[in-house]
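To start, the structure itself, in structure tokens.
Just so we're on the same page: letters track the sequence lines, and every chain starts at 1.
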Protein chains: 2
Amino acid sequence: MKTKMTEAFRKYEGGLFSEVTKADVSVSISSLEKEGIDLLAWADPFYPDPSTPPHVIEAMVKAIKEGGANHYTHPIGNEELRIRISKKLKEYNNIDANPHRNIMITPGSDSGLYFAMLPFISSGDEVMIPDPSYPNNFQNVEIMGGKVVPVPLKEEYHYQININDFEDRLTSRTKMIVLTNPNNPTTTVFTRRSLEALAQFAIENDLIVIVDQAFEFPVFDGREMVTLASLEGMWERTVTVFSTSKGMGLSGFRVAYIVAEDHIMDTYYGSAVSVVGATNTFSQIGAIAAFDNDEYTKEMEASFLRRRDMVCKILGGIPGVHVEKPESGFLSWVNISKLGSGEFITDYLKRNAKVIVNSGGHYGEQGKGYIRIVQGALADEERLENALRRIGNALIELADNKGITNF
Amino acid sequence: MKTKMTEAFRKYEGGLFSEVTKADVSVSISSLEKEGIDLLAWADPFYPDPSTPPHVIEAMVKAIKEGGANHYTHPIGNEELRIRISKKLKEYNNIDANPHRNIMITPGSDSGLYFAMLPFISSGDEVMIPDPSYPNNFQNVEIMGGKVVPVPLKEEYHYQININDFEDRLTSRTKMIVLTNPNNPTTTVFTRRSLEALAQFAIENDLIVIVDQAFEFPVFDGREMVTLASLEGMWERTVTVFSTSKGMGLSGFRVAYIVAEDHIMDTYYGSAVSVVGATNTFSQIGAIAAFDNDEYTKEMEASFLRRRDMVCKILGGIPGVHVEKPESGFLSWVNISKLGSGEFITDYLKRNAKVIVNSGGHYGEQGKGYIRIVQGALADEERLENALRRIGNALIELADNKGITNF
């Protein structure tokens, strides 16, 4: 029956018939723990340790005990939650969104991102995607029969947007840009200047822009987090996807939201039941509590900052290794190209440092000489430090064996 | 930007710019309660009243309090839950599924159904869908660029499959059949004879069959519930979508599962993160408790049976109204064509009986002279009976006004 699948789907492998190293899908957590291996490859704060905020626990326990949370929520999402989100959008994103017309809750931002893109993509439509970026950006376009047009982000420009690289790739079939801001895996917070150039390019060429802001806070070192949809002329052509999984630490809740102007949203509302279905009822009640009192995210931010500095200190200066100082969140994007490919190093670190990290090639062609480390994993910072030191020591040994003495 | 959408999406309306009567999407629950209107239009057992089984509450509260349930579950689903499901598939569905190769958990069966179909449908592929059936079956095909081929189910055959009606519509582009079994909205439990004929047709013409078994229990009056995938030659060409929302009463949990042979499943595993994302973590823990001890579903079954008989008693014999005795679940499919269209009657009942039911036209062309009533709604059977009596009285009055005296 596999021969009856579309070309895009035929090539996807889930690991049942081949060795797949993509940590997202094939890793059995319990077996890793038995082997003493740490997983720094899931972008899930403090994974796998307990870290649900107490007031969120309390709100959900109350809702569950009351016994009515087994019922569907309205497919576009809990109304109270949408009202909280509209307040946050105003305060944090400089967006004036009507909770009854511009916001839809989705069961996580993966299906949200897929759904946001879906109505616009027909066979052969070209979609510009910065490379490296989140793997789903590429896979979604393929699934929809579109053509991925990767636009390289360059380390020498600190992964900011160089609009010439977009202009060079423009064709009559270009329909959409998909941007992850801050970028995953590079943690780049796109500057106002980058985004204004992108906005002008999108307006001039009448393009849709889908922006995934799953990692929108925290951003470090006083950087400005600019929401593209808030720039002049962009509200009507930008769909923004947000998440509670990262900066709010509610990954397992599966609560995300799409924000768009109301003509686009009308279509989402009209097709939500088919593509994404309703979102978990008690999760949304937990999310309301989290939005109502998000003080706990300050502690998360402080921890992420310490972890960021820990990575830079431990891995910085290792021969053959270059860590671009993370600008946001809890990831690190590490250039190990002098020591080997991302795939080789990932495998090497699993065996020699007992740590699983992500091979950079999953994030695009530009990522092949990189690894992504999720320093936000593990609640215990000492255990994290230990895992990072094992990575550092293994890389030092590798560099030594290879006779590499500088970056 | 709407002009940039695909043809299928351009026509979907969510109610922001027009009056939409589709109860699934546009109803604001709180405003209905204020107006004293009962909603018998969401297929959600005992909605909106508390009805979570105590042992399920207990399991979830424990998991939430432990604080680790904020983390992602493996995208293919909680391993323990998959093991429970494989046991249930063996006992109830006569299917021997490997929990590590043939089962994937999805965040509800809506996205599960969409995802199950997606890899197979290219532009122009024809998909046979019994009419009436679940609206998503049709909408999913449209979204994917396929061509819907409705195959009428006829009241005079008690909505069973007449394979000639499929054979008549077969072309070289026919690729898939989508079956809801038991059918929603008709509650038809397809007989072994119907399914064997369908299996033979699918095998002879090398078709994929997607079966949605969301309503697989309870079935009434000693009927046999046959799982198509268990018939000879069907395992390799059938993908079955199951749910915990209906017979297990866990709608708001958003836990469903796809079952398929491992070559097909390999592709689902390889693309799950993009299209559906992971499923809620504590919901899956609740679902494990529900599978471990499903005694409570017996009480649900008894209640559904009483409700079924209540509908037949109250609406049976009303001039111009024909209730086909429900064969399963908690829905009724009522022929009101002598009194008016489904749209007219739905609107009439909202105004005159203060009850919202579904207009049959949402379920296909064949449904235009029908309404669907969800007698599974409301915990209190007296309140339900009251709502049904209001429907009955309003229909009697309408028949009287129209001078209709028999069916």
Consider only side-chain N and O atoms of S51(A) and H71(B), and report whether a donor and an acceptor are under 3.5 Å apart. yes

For the pair M1(A) and H263(B), evaluate side chain to side chain contact (heavy atoms under 4.5 Å, CB included) and give the outcome as yes or no after the intermediate values. CA-CA 8 Å; M1(A) 285 296 119; H263(B) 289 85; over 6 Å; no

The interface call for A69(B) against chain A, heavy-atom contacts under 4.5 Å, is backbone

Indicate the atoms forming the closest heavy-atom contact of Y269(A) with G14(B), along with that distance. CB-CA, 3.6 Å

Region of P45(B) that comes under 4.5 Å of a non-hydrogen atom in chain A: backbone

Taking atom CH2 of W42(A) and atom OH of Y72(B), what is their separation to the nearest 0.5 Å? 9.5 Å

Applying side chain to side chain donor-acceptor pair (under 3.5 Å) between T267(B) and each of K11(A), K2(A), E13(A), report the one that passes. K2(A)

With a 4.5 Å heavy-atom cut-off, do I143(B) and V275(A) have their side chains touching? yes

Give the member of D44(A), T281(A), L250(A) that has the highest number of heavy-atom pairs under 4.5 Å with chain B. D44(A)

Counting heavy-atom pairs under 4.5 Å with chain A, which one of S271(B), A379(B), P53(B) comes out on top? S271(B)

Select one option (side chain, backbone, both, neither) describing which atoms of D125(A) are under 4.5 Å from chain B's heavy atoms. neither

Looking only at heavy atoms and a cut-off of under 4.5 Å, which of S274(A), G277(A), A8(A) has the most pairs with chain B? S274(A)

Using non-hydrogen atoms and a 4.5 Å limit, figure out which bit of V276(B) sits close to chain A: side chain, backbone, both or neither. backbone

Heavy-atom distance under 4.5 Å to chain A: side chain of K175(B), backbone, both or neither? side chain

Test: R101(B) cationic atom under 6.0 Å from F17(A) six-membered ring centre, within 45° of axis: yes

Does R254(B) use its side chain to pair, donor to acceptor, with the backbone of A278(A) at less than 3.5 Å? yes

Looking at E58(A), I'd like to know if its CD atom is crowded, meaning that more than 12 non-hydrogen atoms belonging to other residues, nucleotides or ligands lie closer than 6.0 Å. no

I need the residue from K65(B), E261(B), E236(B) with the largest number of non-hydrogen atom pairs under 4.5 Å to chain A. K65(B)

With only heavy atoms counted, which part of N137(B) is less than 4.5 Å from chain A, the side chain, the backbone, both or neither? neither

Picking from G68(A), P119(A), G249(A), which has the most non-hydrogen pairs under 4.5 angstrom with chain B? P119(A)

Rounded to the nearest 0.5 Å, what's the gap from CD1 on I121(A) to CE on M5(B)? Could you check? 11.0 Å

For chain A, find which of L113(B), L118(B), N140(B), T73(B) contributes the most heavy-atom pairs closer than 4.5 angstrom. L118(B)

Roughly how far apart are E7(A) CD and S122(B) OG, rounded to 0.5 Å? 9.5 Å

D49(B) CG to N70(A) CG distance, which is reported to the nearest 0.5 Å: 10.0 Å

Supply the atom-to-atom distance M60(A) CE to M60(B) CE, rounded to the nearest 0.5 angstrom. 9.5 Å

Residue, of V255(B), I208(B), D262(B), that accumulates the most heavy atom pairs under 4.5 Å with chain A: D262(B)

Within the side chain of Q139(A), is there an N or O that forms a donor-acceptor pair under 3.5 Å with the backbone of G270(B)? yes

Please evaluate residues T52(A) and I64(B) with respect to the criterion side chain to side chain contact (heavy atoms under 4.5 Å, CB included), reporting the C-alpha separation (whole Å), side-chain torsions for both, the decisive distance (0.1 Å), and the verdict. CA-CA 8 Å; T52(A) 320; I64(B) 290 170; 5.5 Å; no

Residue from I57(B), N280(B), D110(B) scoring the most non-hydrogen pairs under 4.5 Å with chain A is N280(B)

Does K4(B) reach the main-chain N or O of L207(A) with its side chain, forming a donor-acceptor pair under 3.5 Å? no

Enter the distance from S111(A):OG to Y114(B):OH here, rounded to the nearest 0.5 Å. 11.0 Å

Over all heavy atoms of both residues, which pair between E66(A) and P50(B) is shortest? Give the atoms and the distance, please. O-CB, 3.3 Å

Is it the backbone or the side chain of T279(A) that comes under 4.5 Å from a heavy atom of chain B, or both, or neither? backbone

Kindly determine whether F282(A) and F253(B) satisfy ring-ring contact (aromatic ring centres under 6.0 Å, His included), including the steps that lead there. CA-CA 8 Å; F282(A) 30 86; F253(B) 283 44; 5.2 Å; yes

